[in-house]
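Chain letters run A, B, ... following the sequence lines, proteins first, then strands; residues in each count from 1.
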There are 2 protein chains.
Amino acid sequence: MSSYQEILQNNNLKATHQRIAILEAIDHAGHIDVDKLFKNLRKHFPTLALGTMYRNLSEMSDKHILLEVTLPGQKVKYELKKEPHIHLVCNWCGKIEDRILDIEDKIKECEEENDFTVLDSNIVFTGLCKKCQDQKKV
Amino acid sequence: MSSYQEILQNNNLKATHQRIAILEAIDHAGHIDVDKLFKNLRKHFPTLALGTMYRNLSEMSDKHILLEVTLPGQKVKYELKKEPHIHLVCNWCGKIEDRILDIEDKIKECEEENDFTVLDSNIVFTGLCKKCQDQKKV
DNA sequence: ACTTAAATAGGAATTATTCCTATTTAAAAA
DNA sequence: TTTTTAAATAGGAATAATTCCTATTTAAGT
Ligand SMILES: [Mn+2]
Ligand SMILES: [Mn+2]
Ligand SMILES: [Zn+2]
Ligand SMILES: [Zn+2]
């Protein structure tokens, strides 16, 4: 496991306080959008500029340090890049959960039937998490 | 098959020229974002207001006449609501294809392993379409 | 410590979206 | 067909989101 410092330097990015703070905050939040991230960081980093946020989120996404997560009807969220996974989104409490799901068979199916080479996949299931199912029964 | 007029009226929306033009244009384009839609419609409908577009796209999505399609790294696109399907997006030529893919087994798997009730799914495969695969071989 | 290219802060500019309201219109009633 | 009226629109103002600009600062190599 490498430090943020190393991750940044391996991608030819200077390990600035701002970038490290951004990465720490995203790691802590899991999935977070620009606004929430900015408000969080401002508390302990009052001079941080919004432009710096946007620029770095783009750059770090380009370099695959971050991943942009697009969920239906929501602002783009950012997460640390890790192993591929799908998202379970509770449309009652809003919780976003990561899950590993093997879909190789479906990808094969799609490739063979459609002459399409699949390079990446993006899967979101929306519904009700455990807690919200239970609450609705009451 | 019902006309746009009927679809709108069934949803308690007046069948205005603007709404019908929007639905026709979306049907013709398949998947289209606000800007392109507005530019297209303005050609034959010079007084159309941008606010009217936004308002109607939201309303018609709320009423499930339209569907908002969120693809990674792109502006939200709109399509006519039809049977559920996934999207194949060529990241070379940009083409967006609709495909039916049975994923009931994966949904079951997810529900059983995670205590999560899946109500809707959103699946995008990005890669290379037939044409672009061939061109890259040359 | 010095050097320098890269990055930042702060704010201006641009773009996207929502809001407001006088006027128009779809469609139901007469 | 004409009248009525609630719903919808056009046009523009207001607000929000994002990008751009540049003088100053800073990370990191020497
Ligand atoms: Mn995730
Ligand atoms: Mn589609
Ligand atoms: Zn929940
Ligand atoms: Zn293609």
Side-chain angles (χ1 to χ4, degrees), chain A residues 2-26 32-63 65-66 68-78, chain B residues 2-26 32-63 65-66 68-78:
Chain A
S2 30
S3 65
Y4 296 134
Q5 165 126 285
E6 286 170 323
I7 293 173
L8 290 167
Q9 289 173 344
N10 290 342
N11 285 282
N12 298 312
L13 296 175
K14 287 187 178 179
T16 63
H17 295 150
Q18 290 86 342
R19 281 175 182 150
I20 289 167
I22 289 172
L23 291 173
E24 283 171 349
I26 292 176
I32 190 168
D33 66 31
V34 177
D35 270 12
K36 289 213 180 67
L37 188 53
F38 187 61
K39 277 169 194 157
N40 286 356
L41 289 173
R42 268 273 171 134
K43 289 175 196 161
H44 299 286
F45 210 136
T47 63
L48 180 68
L50 196 46
T52 300
M53 286 270 315
Y54 278 107
R55 181 166 28 75
N56 278 315
L57 291 174
S58 292
E59 282 174 359
M60 294 196 282
S61 297
D62 290 347
K63 305 246 180 185
I65 297 169
L66 297 178
E68 296 190 347
V69 178
T70 37
L71 304 174
Q74 305 191 21
K75 296 194 62 174
V76 170
K77 294 187 167 54
Y78 292 85
Chain B
S2 30
S3 64
Y4 296 133
Q5 165 125 283
E6 287 169 323
I7 294 173
L8 289 167
Q9 290 173 343
N10 291 342
N11 285 281
N12 299 312
L13 295 175
K14 288 188 178 178
T16 63
H17 296 150
Q18 291 84 343
R19 282 175 181 150
I20 289 167
I22 288 172
L23 291 172
E24 283 172 349
I26 292 176
I32 190 168
D33 66 32
V34 177
D35 269 12
K36 289 212 181 66
L37 189 52
F38 187 61
K39 276 169 193 157
N40 287 356
L41 288 172
R42 268 272 171 135
K43 288 177 196 161
H44 300 287
F45 210 136
T47 63
L48 180 68
L50 196 46
T52 301
M53 287 270 315
Y54 278 106
R55 182 167 26 76
N56 278 315
L57 291 174
S58 292
E59 281 174 0
M60 295 195 284
S61 298
D62 290 347
K63 305 248 181 185
I65 297 169
L66 298 179
E68 296 189 347
V69 178
T70 37
L71 305 175
Q74 305 191 19
K75 296 195 61 175
V76 170
K77 293 187 168 56
Y78 292 85

(request) Ignoring backbone atoms, test whether B:Lys75 places a side-chain nitrogen or oxygen under 4.0 Å from the OP1 or OP2 oxygen of D:dT18. (result) no
(request) Name the closest nucleotide to the B:Leu48 side chain, picking from D:dA10, D:dT9, D:dT26. (result) D:dA10
(message) Ignoring hydrogens, what is the shortest heavy-atom contact between B:Asn56 and B:Arg19? Give both atom names and the distance.
(response) OD1-NE, 2.7 Å
(message) How many whole angstroms separate atom CG of B:Leu13 from atom P of C:dA28?
(response) 13 Å
(request) State which of C:dG10, D:dA28, C:dA27 makes the closest approach to the side chain of B:Ala15. (result) C:dA27
(message) Quick check for you: among C:dA9, C:dA16, D:dA10, whose closest atom lies nearest to any side-chain atom of A:Gln18?
(response) C:dA9
(request) Please state whether the phosphate of D:dT9, meaning OP1 or OP2, lies under 4.0 angstrom from any side-chain nitrogen or oxygen of B:Thr16. (result) yes
(message) Both B:Phe45 and B:Lys14 contact DNA chain D. Which one's nearest nucleotide lies toward the 5' end?
(response) B:Lys14
(request) Could you state the atom-to-atom distance from CG of A:Asn10 to C1' of D:dA28 in whole Å? (result) 15 Å
(request) Please work out if B:Leu50 contacts a base, only the sugar-phosphate, or nothing of the nucleic acid, heavy-atom cut-off 4.0 Å. (result) base
(request) Round to the nearest Å and state the distance from B:Asp62 atom CG to D:dA8 atom P. (result) 13 Å
(request) Give the nucleotide from the list D:dA10, D:dA17, C:dA7 with an atom nearest to the side chain of B:Thr52. (result) D:dA10
(message) With a 6.0 Å cut-off (strictly less than), is the heavy-atom count around NZ of B:Lys75, excluding the residue itself, greater than 12?
(response) yes
(message) If I compare all heavy atoms of B:Ser61 with all of B:Tyr78, which pair ends up nearest, and what's the gap?
(response) OG-CE2, 3.5 Å
(request) Write down the atom of B:Leu8, the atom of B:Ala15, and the distance for their closest heavy-atom approach. (result) CD1-CA, 3.8 Å
(request) Using a cut-off of strictly less than 4.0 Å, decide whether B:Asn12 has a side-chain nitrogen or oxygen near OP1 or OP2 of D:dA7. (result) no
(message) How many whole angstroms separate atom CD of B:Gln5 from atom C1' of C:dA27?
(response) 10 Å
(request) Return no unless some side-chain N or O of B:His17 is found under 4.0 Å from OP1 or OP2 of D:dA8. (result) no
(message) So, OP1 or OP2 of C:dA7: does either fall under 4.0 Å of a side-chain N or O from A:Arg19?
(response) yes
(message) Without decimals, in angstroms, what is the distance between A:Leu23 CG and C:dA7 P?
(response) 14 Å
(message) From CE of A:Met53 over to P of D:dT19, roughly how many Å is that when rounded to an integer?
(response) 12 Å
(message) The side chain of B:Tyr54 is closest to which nucleotide in this list: C:dA16, D:dA10, C:dA6?
(response) C:dA16
(request) Can you see which heavy atom on A:Ala25 is nearest to which on A:Leu41, and at what distance? (result) CB-CD2, 3.7 Å
